[in-house]
Asks: 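Structure below; questions to follow.
Start at 1 with the first residue, then count along the sequence. Just so you know, these numbers come straight off a predicted model, no measurement behind them.
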Amino acid sequence: MKKINLLKLALKEGKHVFGTWSNIPSPNVTNILSNSGMDFIIIDLEHGPTTYETLEYQIYAADSERVTPIVRLSDSTEKNILHVLEVGAQSILISHVNSALETEKIVKSTRYSPDGNRGISLFTRNHGYSDKDFKYKMQNINEQIFTSIIIEGEEGINNLENICSIKNLDMVYLGIYDISQTLGVPGDVKNKKVINLIKDLVKMIESHGVVAGSIAPDREYIKFLIESGFRFISYRADSAVLLDGFSTANSWFQKIINDLA
């Protein structure tokens with residue numbers, strides 16, 4: 001049966017997509033997030049404590065609600081890319097990419113021949129644990145895979161034009177916090193230097209037919225990203241939203257106590 005990548009389909013149709021980052025290694029939390037109506041959840045294997053075993057269950061938890069799980073890896077080694085794809089991920093996001101050559105290597109690692117050089121194992125979740133209709137499944141996987149990278153530093157920014165020209169690259173995600181550090185204003189993502197640069201970069205990315213993505217720390221920034229041309233918008237992270245929610249609730253509680261005192 002053909003498995004459609006709903007995220008890739010929505011972006012192909014020109015839609016905007018919305019989601020969040022997951023740093024909490026819990027299938028339960030992933031499933032709760034997946035019931036929110038978001039389009040995707042980025043499961044972070046770089047900064048979070050998630051293991052490959054937990055990742056597999058988080059993918060199940062998102063898939064069950066027809067939300068696209070995206071796996072974020074800290075490097076572009078073929079071994080790590082293959083590992084996350086074999087447990088059923090249709091979408092990956094690779095950090096710290098700096099060149100067209102590295103981007104091409106990543107793209108080829110996610111696709112079977114003739115589009116790439118991805119390793120073959122017939123009896124994984126990726127193929128429904130069966131060698132039946134294997135050629136058809138290989139073709140379907142090549143069509144549905146969503147391959148994306150993160151540009152974070154000066155080298156990647158300088159090479160962005162060539163990076164965006166790589167065939168079958170679906171998205172370039174701008175790591176605005178690292179970019180702010182590169183520009184000498186670490187963490188100040190609303191600084192004019194950062195704002196002006198990412199406006200220029202998103203135009204370059206989308207002009208090549210590649211989707212531009214980034215993160216929004218608040219509602220105002222969501223609006224700015226959309227107005228600037230971004231179509232893939234991530235909002236904060238599960239851990240941050242959980243803390244925000246209960247910090248606000250605690251503030252309400254303290255105010256009630258003080259008012260009644």
Asks: Say you draw a straight line from CZ of Phe230 to NZ of Lys199; how long is it, rounded to the nearest 0.5 Å?
Replies: 11.0 Å

Asks: Quick one: does Asn5's side chain get under 4.5 Å of Thr68's, heavy atoms only?
Replies: yes

Asks: Could you check Glu102 against Ser76 for side chain to side chain donor-acceptor pair (under 3.5 Å), going step by step and ending with a plain yes or no?
Replies: CA-CA 8 Å; Glu102 184 180 4; Ser76 59; 3.1 Å; yes

Asks: Out of Gln90, Lys137, Lys3, Arg118, which residue meets the side chain to side chain donor-acceptor pair (under 3.5 Å) rule with Asn126?
Replies: Arg118

Asks: Give me the atom names and distance for the closest heavy-atom approach of Thr30 to Gln58.
Replies: OG1-NE2, 3.0 Å

Asks: Looking at every non-hydrogen atom in both residues, tell me the closest pair between Val172 and Ile151 and how far apart they are.
Replies: CG1-CG1, 3.6 Å

Asks: Is Ser95 reaching over with its side chain to a backbone N or O of Leu73, donor-acceptor style, under 3.5 angstrom?
Replies: yes

Asks: Can you confirm whether more than 12 heavy atoms, excluding those of Glu143, are under 6.0 Å from its CD atom?
Replies: yes

Asks: Are side-chain heavy atoms of Ile233 and Val17 found at a separation under 4.5 Å?
Replies: no

Asks: Are Tyr221 and Met38 linked, directly or through other ILVMFWY residues, by side chains that come within less than 4.5 angstrom of each other?
Replies: yes

Asks: I'd like to know if the side chain of Asn35 reaches the main chain of Asn31, judged simply by a donor and an acceptor atom lying under 3.5 Å from each other, with no hydrogens or angles considered.
Replies: yes

Asks: Is Asp75 close to Asn80 at the side-chain level, that is, under 4.5 Å between some pair of heavy atoms?
Replies: yes

Asks: For this output row, return yes or no: ring centroids of Phe40 and His16 closer than 6.0 angstrom.
Replies: no

Asks: Determine yes or no for a side-chain-to-main-chain donor-acceptor pair under 3.5 angstrom, with Ser113 supplying the side chain and Gly116 the backbone.
Replies: no

Asks: Side chains of Ser234 and Tyr173: any donor to acceptor distance under 3.5 Å?
Replies: yes

Asks: Does His127 form a side-chain contact (heavy atoms from CB on, under 4.5 Å) with Lys132? I'd like the steps, not just the answer.
Replies: CA-CA 9 Å; His127 293 293; Lys132 184 179 180 181; over 6 Å; no

Asks: Classify the ring geometry between Phe232 and Phe146 as parallel (under 30°), tilted (30 to 60°) or perpendicular (over 60°).
Replies: parallel

Asks: Is there a path of hydrophobic side-chain contacts, each under 4.5 Å between heavy atoms of I/L/V/M/F/W/Y residues, joining Ile70 to Leu82?
Replies: no

Asks: Would you find a donor on one side and an acceptor on the other, under 3.5 Å apart, between the side chain of Asp238 and the backbone of Asn23?
Replies: yes

Asks: Look up atom NZ in Lys105 and atom CD1 in Ile166, then write down how far apart they are to the nearest 0.5 Å.
Replies: 14.0 Å

Asks: Between Leu85 and Ile145, is any pair of side-chain heavy atoms under 4.5 Å apart?
Replies: yes

Asks: Write down the atom of Ala100, the atom of Ile163, and the distance for their closest heavy-atom approach.
Replies: N-CG1, 3.6 Å

Asks: Taking atom CZ of Phe253 as the centre, report whether more than 12 heavy atoms of other residues, nucleotides or ligands fall under 6.0 Å from it.
Replies: no

Asks: Check for a donor-acceptor pair, side chain of Thr54 on one end and backbone N or O of Thr50 on the other, with a separation under 3.5 Å.
Replies: no

Asks: Under the side-chain contact (heavy atoms from CB on, under 4.5 Å) criterion, do His83 and Lys79 qualify, and how do the steps go?
Replies: CA-CA 6 Å; His83 200 157; Lys79 175 183 176 182; 5.8 Å; no

Asks: May I ask whether Val84 and Ile141 are part of the same hydrophobic cluster, defined by side-chain heavy atoms of I, L, V, M, F, W, Y residues being less than 4.5 angstrom apart, directly or through others?
Replies: no

Asks: So, Thr147 and Thr110: side-chain donor and acceptor under 3.5 Å apart, yes or no?
Replies: yes

Asks: Around Tyr52, counting heavy atoms of other residues, nucleotides and ligands shown, do more than 12 lie under 6.0 Å from its OH?
Replies: yes

Asks: Does Asp170 come within less than 4.0 Å of Lys8, counting only side-chain N to carboxylate O?
Replies: yes

Asks: So which heavy atom on Pro27 is nearest to which on Ala61, and how close?
Replies: O-CB, 3.3 Å

Asks: Nearest 0.5 Å please: distance from the CG atom of Leu7 over to the CD atom of Gln144.
Replies: 11.0 Å

Asks: Side chains of Ile149 and His96: does their closest heavy-atom pair fall under 4.5 Å?
Replies: no

Asks: Does the side-chain contact (heavy atoms from CB on, under 4.5 Å) test come out yes or no for Ile42 and Thr20, once each step is laid out?
Replies: CA-CA 6 Å; Ile42 306 172; Thr20 191; over 6 Å; no

Asks: Does a side-chain heavy-atom distance below 4.5 Å link Thr77 with Ile81?
Replies: no

Asks: Does Glu220 CD have over 12 foreign heavy atoms under 6.0 Å away?
Replies: no

Asks: In this structure, are over 12 heavy atoms from other groups packed under 6.0 Å from Ile4 atom CD1?
Replies: yes

Asks: So, Asp39 side chain and Gly19 main chain: donor-acceptor pair closer than 3.5 Å or not?
Replies: no

Asks: Are there over 12 heavy-atom neighbours, none belonging to Tyr57, within less than 6.0 Å of that residue's OH?
Replies: no

Asks: Less than 3.5 Å apart, any donor N or O on the side chain of Ser74 or Glu46 sitting next to an acceptor on the other?
Replies: no

Asks: Should Ile43 and Tyr60 be counted in the same cluster of Ile, Leu, Val, Met, Phe, Trp and Tyr side chains packed under 4.5 Å apart?
Replies: no

Asks: Could you work out, with salt bridge (charged side-chain N to carboxylate O under 4.0 Å, His left out) as the rule, every residue matching Asp244, not counting sequence neighbours?
Replies: Arg236

Asks: When you check the side-chain N and O atoms of Arg66 and Ser34, is any donor under 3.5 Å from an acceptor?
Replies: no

Asks: Distance from Glu152 atom CD to Tyr177 atom OH, nearest 0.5 Å?
Replies: 13.5 Å

Asks: Should Asp63 and Pro69 count as side-chain neighbours, where that means a heavy-atom distance under 4.5 Å?
Replies: yes

Asks: Can you confirm whether Glu53 is buried at CD, in the sense that more than 12 heavy atoms of other residues, nucleotides or ligands lie under 6.0 Å from that atom?
Replies: no

Asks: Could you see if Ile198 belongs to whatever hydrophobic cluster contains Ile226? Use Ile, Leu, Val, Met, Phe, Trp, Tyr and a side-chain cutoff under 4.5 Å.
Replies: yes

Asks: Measure from the side-chain N and O atoms of Ser214 to the backbone N and O of Leu174, and report whether any donor-acceptor pair falls under 3.5 Å.
Replies: yes

Asks: May I ask you to decide if Gly187's main-chain N or O and Ser180's side chain share a donor-acceptor pair within less than 3.5 Å?
Replies: yes

Asks: Say whether, by atom type as modelled, one donor and one acceptor occur between the side chain of Glu86 and the main chain of Thr124 under 3.5 angstrom.
Replies: no

Asks: In sequence, state the C-alpha distance, the side-chain angles, and the governing distance for Asp218 and Lys223, and then conclude on salt bridge (charged side-chain N to carboxylate O under 4.0 Å, His left out).
Replies: CA-CA 9 Å; Asp218 53 42; Lys223 183 180 179 182; over 6 Å; no

Asks: Roughly how far apart are Arg72 CZ and Ile41 CD1, rounded to 0.5 Å?
Replies: 16.0 Å

Asks: Side chains of Asp44 and Ser22 only: does a donor on one sit below 3.5 Å from an acceptor on the other?
Replies: no

Asks: Could you go step by step and tell me if Val71 and Leu93 meet the side-chain contact (heavy atoms from CB on, under 4.5 Å) rule?
Replies: CA-CA 6 Å; Val71 182; Leu93 179 63; over 6 Å; no

Asks: Can you tell whether the side chains of Glu206 and Arg231 come within less than 4.0 Å, N to carboxylate O?
Replies: yes

Asks: With no hydrogens and no angle check, is any side-chain donor or acceptor of Asn159 less than 3.5 Å from a backbone partner on Asn162?
Replies: no

Asks: Hey, are the side chains of Val107 and Asp115 touching, using non-hydrogen atoms and a 4.5 Å cut-off?
Replies: no

Asks: With rounding to the nearest 0.5 Å, note down the distance linking CD in Glu227 to CD1 in Ile222.
Replies: 12.0 Å

